[in-house]
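A quick write-up on the structure given underneath.
Letters A, B, ... mirror the listed sequences (proteins, then strands); counts begin at 1. In what follows, every heavy atom counts, from backbone to side chain, and hydrogens, waters and symmetry copies are set aside.
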Amino acid sequence: MKIRIKFSKTGAMRYVGHLDTMHYFQKAFRRTGLKIAFSKGFSPHMLLAFASPLAIGMTTSGDYLDIVLDEDLTEEQVLSRINAQLSEGFEALQAVRLREEAKTPMALLRAASYQISPACIDQSAAASIFDQAKRMMEQESIIVTKKTKKGESIQNIRPLIYRLEMEDENSIPVLSMMAASGSIEHLKPDLIMNALVHFSIRSGIITDERRYEDDKDLLWHYHRTDLYGVDPRILKPGDPLGTNRPEPLIMLDI
Amino acid sequence: MRNLALSDDILMRVDKPARYIGGEFNSVMKDPDSVDIRFAMCFPDVYEIGMSPLGIAILYDMFNEREDTWCERVYSPWVDLDQIMLNSKIPLFALESQDPVKDFDFLGFSISYEMCYTNILQVLELAQVPLLSEERSNEDPIVIGGGPCTYNPEPLADFFDLFYIGEGEVSYHKLLDLYKASKQNHESRSCFLKKAAQIPGIYVPSLYDISYHDDGTIKRILPIDAEVPESIKRQAVVDPSDIGYPKKPVIPFVKAVQDRVVLEIMRGCIRGCRFCQAGTTYRPCRSRKPGELFDIAKRSLETTGHEEISLSSLSTSDYKYLSELLDLLLPYLKEKNVELELPSMRIDAFSLDIMKRIGGVKRGSFTFAPEAGTQRLRNVINKGLSTEEIMEGAGLAFEGGWNKVKLYFMLGLPDETDEDAEGIAELADQVARVYYQIPKEERNGRCQITVSSSYFIPKPFTPFQWSPMLDIREYERRAYLVKDAIKSQLNAKSIRFQWHGSEMSIMEAVLARGDRRLGRLLMLLHQKGCRFDAWTEHFDAGIWHAALDTLGIDPAFYANRTRPDHEIFPWDHINAGLRKDYLLNEFKRAVKGEVTPHCRERCSGCGINTAYHGGVCFED
């Protein structure tokens, strides 16, 4: 039986890296006593697949793993068995049974959504930066330089940002973001935030640039809210999302 | 939701921040107001190292089972964090509660190797606890040390209020009960320590005066008054079924060095190799029953979810019930897809058979530890492994499909000559020849022999505690001798040679047989910023030598001197259960190359059977 689990990783658990998170879940699943399916061959391993690594420091309430079990249970039973083995900061939120032929969450992944809030920056400064999102998104291109092994490369990231806007009705400023994610195109959220900060500097909203440059890794808190994929059977070339609205991975049993 | 002691911007700046957050699965949370004793247990190295050993897991479980006690863990902050904590005055905290360790009742250290001593001082400083025992007040935690290095704790005497000598399961409850009563009666710290000294196994260094001869050797170790015991006896659990086993080991967030269930099948060893301190200080050899071990293994795997289990002992081949245990364990492990590791096995028909059962089709490497290159020198060190056994074992392993061998040796052993060093190369070559005697069609690829040698360090409570350590230049010369001798062997292409240890080994040797006066050395090293000295990338021999120079301490006095028969050693007031004259006699026999049979062959009267009433001494 193939099962997809949506899980959250919050609080102090944001400091557990991706590899360590995978090992954490491997041990947790063993402790459930569920009959876990293992691969055949010389080094049998658990058939456990994660959708996408999460950088240290980020929290999530919408990450996914698929696991194959050698027994049949209801989705609620699996959910309660795994939750009993999770410590504070990890929680299994939803479980969905998949068809045997379902693709891995990593193969399906196309986009991720985030909520960004101020960490080491005061709220009014954050709000004025977030406010620039709409104007930045009106541009046709947003150029960033990335350091690669061969030097630097220039990329227009605008087409990979699907949504960037300040959320209303929040006591603290929150920026809502959706961007390309996965093996075909992947845009890290901190690249978008750096671009937004630079845009705000060029627009004169920010004046003490140096401070933002030095602290740039510490300014924001990133919370991934969900991961999305698209049914590959209805994809058109050159239109990775376009007319096809991506669905949360929990809904995709393909 | 717990509040973390370190802020987000610090955690985002350091490597592996998950080391400092606590809240791991199976970690114990209690309400601090509901307990009488708060115990901070420290392994003075980084999290991934400190989370591995069994000793802390045993005590963590034992203390937390008491309703009146909450035991939490603390480890050395890594080099990218300790300066930040000092500069920002963030006190060192325990992982579970994130509370400052200085507010605890006890700060305990598990002391496994000498090169971690500077980390102990680092921890005390970060904890904001006065480094010197004599400067602590009633408000400071009681600083206690346990573990293998407590057999000679003297270099640390200035920094510890108490040492616990031996196995923790025996006397810790008495100590905690005494502390609780003492606290309730508002007794002074010194009053408590004096009473604690009456508990078997508890050593209070401040209650002993050490005087020295002009030549620097010890004149007398004197208790300050008649109430203080003259010697402190190592505590040992006589019947292993009396001790519990960690029921719910904490699962680390960062992959630990020992990322598996460790099943202690036996404590102690029967062999009596003369260089080995673990062998003497864990006597008598005591085994657990296979049924009990199987239950413990199942429970441990169920509560941890580990993918691997290792059978731990000093010499697993000597565990009498190994077949029965494997008969119980292997089907269960196969069903659960858990791998089994079996270190410390002799290479003979029996163990190869076992390794085949476990290993499936894959063959890793097999290991011999001859320790010395010639039979003569092996007899000197009482390593009962003959050349015939090695060749026969190698032959069986090669026929069984193995083609990789590791051979472990030491250089600098007592009475060692150049011939013995060259013997290492010849032995390795002989093993290779055994391989190439197998017809080509039946071989499994090329033979790869790795010869590894380390620098011998004489340790307290072994027959070699009178022996000098080899001079470092002489050690290096012999290592090159082995290297050249290997190059000239017939099968040189099949043999790889690795050797290690030099300056760090010298310092380890100084501390291992050091006395109290080395407390000044540790203090100076600490002030110079030394920590993580067990790590080659952080150990700086230059600083150590400069510190020794500044204090006028000659490392050769501790490391390279031959002790006269009747010298008083800094650890003589500690009673490990073995008679000192037995050890001296073993040293004399070593020099003559006389072999002493192991405990199951014949009792050699080491004194253990009168000191403790159990184990192999009383087997039928």
*Measure distances from A/Leu86 to the heavy atoms of chain B and classify the residue's part below 4.5 Å as side chain, backbone, both or neither.*
backbone

_Selection from A/Tyr24, A/Tyr15, A/Phe29, A/Phe38 maximising heavy-atom pairs under 4.5 Å formed with chain B_ = A/Tyr15

*Given the options B/Leu301, B/Asp9, B/Asn337, which has more heavy-atom pairs under 4.5 Å with chain A than any of the others?*
B/Asn337

*Do we see a donor-acceptor contact under 3.5 Å between the side chains of B/Gln122 and B/Asp82?*
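Short answer, yes.
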
*Looking at A/Phe90 versus A/Phe25, is the centre-to-centre ring distance below 6.0 Å?*
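Yes; A/Phe25 has its ring centre under 6.0 Å from that of A/Phe90.
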
_Under 4.5 Å from any heavy atom of chain A - which part of B/Glu302_ = backbone

*Please state whether the side chain, the backbone, both or neither of B/Ser27 comes within less than 4.5 Å of a heavy atom of chain A.*
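Contact with chain A involves no heavy atom of B/Ser27 at all.
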
*Are side-chain heavy atoms of B/Leu95 and B/Ile21 found at a separation under 4.5 Å?*
no

*Knowing that exactly one of B/Trp535, B/Tyr75, B/Trp78 qualifies, which makes a side-chain hydrogen bond (donor to acceptor under 3.5 Å, both in side chains) with B/Asp45?*
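So, applying the side-chain hydrogen bond (donor to acceptor under 3.5 Å, both in side chains) to B/Asp45 and each of B/Trp535, B/Tyr75, B/Trp78, only B/Trp535 qualifies.
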
*Test side chain to side chain contact (heavy atoms under 4.5 Å, CB included) applied to B/Arg19 and B/Leu11, B/Val46, B/Val14, the passing residue*: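 In the set B/Leu11, B/Val46, B/Val14, the residue that makes a side chain to side chain contact (heavy atoms under 4.5 Å, CB included) with B/Arg19 is B/Val46.
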
